[in-house]
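Reminder, nothing fancy here: chain letters follow the sequence lines and each chain counts from 1. Predicted, not measured: the structure shown is a model, and the values here were computed from it.
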Amino acid sequence: MTHAAGLLDIALSIALVTLALGQIMSMVRLMIGPTTGDRILALDTMVINALGLVVVLGIQQGVKVYFEVTLLIAMLGFVSTVALARFILRGDIIE
Amino acid sequence: MTIETIATYAAAASLLIGAFFIIVGVIGLLKFNEPMTRLHAPTKVGTIGIGMLLIASMLVSFGQGEGSVHELLIVAFLFTTAPVSANFFAKVIIHRGNCGPLPTPPGDQAWSTLAKPKKD
């Protein structure tokens, strides 16, 4: 294994650990609240962190299929965030 | 030093930069003490953090000799949707009364999100 590949391995591990820590910390914010906006914000951050986890996993395993997974998670996360915020705002999603 | 080696080093650097921005954004989400300031921190996670991870993915695939630019699609999608969802969060915080009173806009302008629709 060359020096560059070893460095990439270390960077991948650091990124994975960071993303996992980020998931845990936003989960703490999701639990302690205190307002509804904070909870939706924490959920959105968790979706984006999950996206990053999938990306880093794809780099580590060298699999191309993870690209589609990432795109799907991004779209689903945006739509669900907007729907949740809209429901909190108006009590209705489609008027 | 070949181009593959340079691409691998650059990918490792982008991964580290992305990880740094992600941890900064999430610490901001956890430690700030007002809803509006908490809204500001995690936008870095969505744009720079994930953007750097996707750039690292592109660089790795270029380093292996099979370049792909699909990841730019995800970056573009995240960059267009992040302001929209941030606007919705701000609206939720304003309308649920979790922030102080908004500053008065100059002249005879008014906040459009607070305006009452005209009955007709």
With a 4.5 Å limit on heavy-atom distance, are the side chains of [X] and [Y] in contact?
| X | Y | value |
| --- | --- | --- |
| A/Leu89 | B/Lys91 | yes |
| B/Phe88 | A/Leu84 | no |
| A/Leu41 | B/Pro42 | yes |

Find the distance between [atom1] ([X]) and [atom2] ([Y]) and round it off to the nearest 0.5 Å.
| X | Y | atom1 | atom2 | answer |
| --- | --- | --- | --- | --- |
| A/Leu51 | B/Leu53 | CG | CG | 9.0 Å |
| A/Met75 | B/Thr81 | CE | OG1 | 9.5 Å |
| A/Ile59 | B/Glu71 | CD1 | CD | 8.0 Å |
| B/Ser14 | A/Leu8 | OG | CG | 9.5 Å |

Chain A heavy atoms under 4.5 Å from [X]: which part of the residue, side chain, backbone, both or neither?
| X | value |
| --- | --- |
| B/Ile27 | both |
| B/Phe21 | neither |
| B/Val45 | both |
| B/Arg96 | side chain |
| B/Ile74 | both |
| B/Leu30 | both |

message: I need the residue from B/Thr5, B/Thr8, B/Ile6 with the largest number of non-hydrogen atom pairs under 4.5 Å to chain A.
response: B/Thr8
statement: Pair count under 4.5 Å, heavy atoms only, with chain A: among B/His95, B/Gln64, B/Arg38, highest is B/Arg38
Looking at [options], which makes the most heavy-atom pairs under 4.5 Å with chain B?
| options | answer |
| --- | --- |
| A/Leu7, A/Asp38, A/Leu19, A/Thr81 | A/Asp38 |
| A/Ile48, A/Ile14, A/Val47 | A/Ile48 |
| A/Leu16, A/Ile32, A/Ile88 | A/Ile88 |
| A/Asp44, A/Ile10, A/Val17 | A/Asp44 |

Are [Y] and [X] co-members of a hydrophobic cluster defined by side-chain heavy atoms under 4.5 Å apart?
| X | Y | answer |
| --- | --- | --- |
| A/Ile40 | B/Val84 | yes |
| B/Phe79 | B/Ile50 | yes |
| B/Met58 | A/Leu71 | no |
| B/Leu73 | B/Val60 | yes |
| A/Tyr66 | A/Val56 | yes |

- prompt: For B/Val26, which of A/Met46, A/Met25, A/Gln23 qualifies under side chain to side chain contact (heavy atoms under 4.5 Å, CB included)?
  reply: A/Met25
message: Other residues, nucleotides and ligands only: do more than 12 of their heavy atoms fall within 6.0 Å of NZ on B/Lys31?
response: no
task: State whether the number of non-hydrogen atoms from other residues, nucleotides or ligands found under 6.0 Å of B/Phe20 atom CZ is greater than 12.
output: no
query: Of the backbone (N, CA, C, O) and the side chain (C-beta and beyond), which part of A/Leu12 lies under 4.5 Å from a heavy atom of chain B, both, or neither?
result: both
message: Between A/Ser26 and chain B, with a heavy-atom cut-off of 4.5 Å, which part of the residue counts as in contact: side chain, backbone, both or neither?
response: both
Distance-minimising heavy-atom pair for [X] and [Y]:
| X | Y | value |
| --- | --- | --- |
| A/Ala11 | B/Ala12 | CB-O, 3.8 Å |
| A/Ala15 | B/Ala19 | CA-CB, 4.1 Å |
| A/Ala42 | B/Leu29 | CA-CD2, 4.3 Å |

message: Students often mix this up, so state it plainly: with edges at 30° and 60°, are the rings of A/Phe67 and B/His70 parallel, tilted or perpendicular?
response: tilted
